[in-house]
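Heads up, the thing below is written out as structure tokens.
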Amino acid sequence: MRINRFSVVTLALWAAAATAQYAFNPPDWVEVKAPSPPAFATDQLIPIDMPNYVTLDVGIDPATVVVGTDGVVRYVVVMRNGSGSTNAAYEGIRCTTDEVKTYARTNSAGEWVPIAAPRWRSITDNLPSKHAFAIARQGACNTHLSSGLDGTLKALRKNQRVAR
């Protein structure tokens, strides 16, 4: 059997990709216990650029952004509608798998209500607002890896849009 260079290069690239996937997404990965939802402020939000069909203003409180030892980027995202009503969620993005988990949401009194059984779901799920996808792509994740706290905040600020 004759093997050409293209086959060898293809095989080498495939092996490298599989090795990298294993290194960045080890099968024994364990999420650390998420801290309680942090207090947040709305006066210093970093705006997140959302698609035109999204009528909410979305932003992240930079004081709440934490990159855990498990690689999960946790943050408070604040969503404000045209009438000024504000909601917030405490979430985490696992960059290596493009997944998001919501740990808690605020109620109408602005108090945190923990999610009973939070679960990881794809950031590309067909949800009403794809803010987690936008947050990941605008700074929280860099080629499926967390950019670290400083890198994440710098990228989010660099990619911020002008408020509507």
With a 3.5 Å cut-off and sequence neighbours excluded, list the donor-acceptor pairs that the side chains of residues 62-69 form with protein atoms.
from: Thr64; atom 1: OG1; to: Asp61; atom 2: O; distance (Å): 2.7
from: Thr64; atom 1: OG1; to: Val76; atom 2: N; distance (Å): 3.0

Could you state the interatomic distance from [atom1] ([X]) to [atom2] ([Y]), rounded to the nearest 0.5 Å?
X      : Y      : atom1 : atom2 : answer
Ile46  : Leu153 : CD1   : CG    : 5.5 Å
Asp125 : Glu99  : CG    : CD    : 9.5 Å
Asn87  : Asn81  : CG    : CG    : 7.5 Å
Ile60  : Ile48  : CD1   : CD1   : 4.0 Å

With a 3.5 Å cut-off and no angle check, do the side chains of [X] and [Y] form a donor-acceptor pair?
X      : Y      : value
Glu91  : Tyr75  : yes
Thr124 : Ser122 : yes
Arg105 : Tyr90  : no

Practice task
Check step by step if side chain to side chain contact (heavy atoms under 4.5 Å, CB included) holds for Val54 and His131.
Solution key: CA-CA 9 Å; Val54 176; His131 64 268; over 6 Å; no
Could you pull out the closest heavy-atom pair between [X] and [Y], with the gap in Å?
X      : Y      : answer
Thr42  : Leu45  : O-CG, 3.6 Å
Ala132 : Val100 : CB-CG2, 3.7 Å
Trp112 : Pro38  : NE1-O, 3.1 Å
Phe133 : Ile123 : CB-O, 3.5 Å
Thr102 : Arg121 : OG1-NH1, 3.6 Å
Ala140 : Cys95  : O-SG, 3.6 Å

| query | If you measure from the Lys or Arg side-chain nitrogens to the Asp or Glu carboxylate oxygens, is any gap between Asp98 and Arg137 under 4.0 Å? | reply | yes
So do [Y] and [X] actually touch side chain to side chain, heavy atoms under 4.5 Å?
X      : Y      : value
Val78  : Thr106 : no
Val58  : Pro47  : no
Trp120 : Val72  : yes
Arg74  : Pro35  : yes

Evaluate the criterion salt bridge (charged side-chain N to carboxylate O under 4.0 Å, His left out) for residue pair Lys101 and Glu31; output intermediate values, then yes/no. CA-CA 11 Å; Lys101 182 187 277 191; Glu31 179 182 14; 2.7 Å; yes
Check: Should Tyr103 and Trp29 be regarded as members of a common hydrophobic cluster, given that ILVMFWY residues are connected when their side-chain heavy atoms come within less than 4.5 Å of each other, either directly or indirectly?
Finding: yes
Could you go through the side chain to side chain contact (heavy atoms under 4.5 Å, CB included) check for Asp49 and Gln138 one step at a time? CA-CA 8 Å; Asp49 190 19; Gln138 291 174 39; 3.6 Å; yes
- Query: Is Gln44 atom CD crowded by more than 12 heavy atoms from other residues, nucleotides or ligands, each under 6.0 Å away?
  - Reply: no
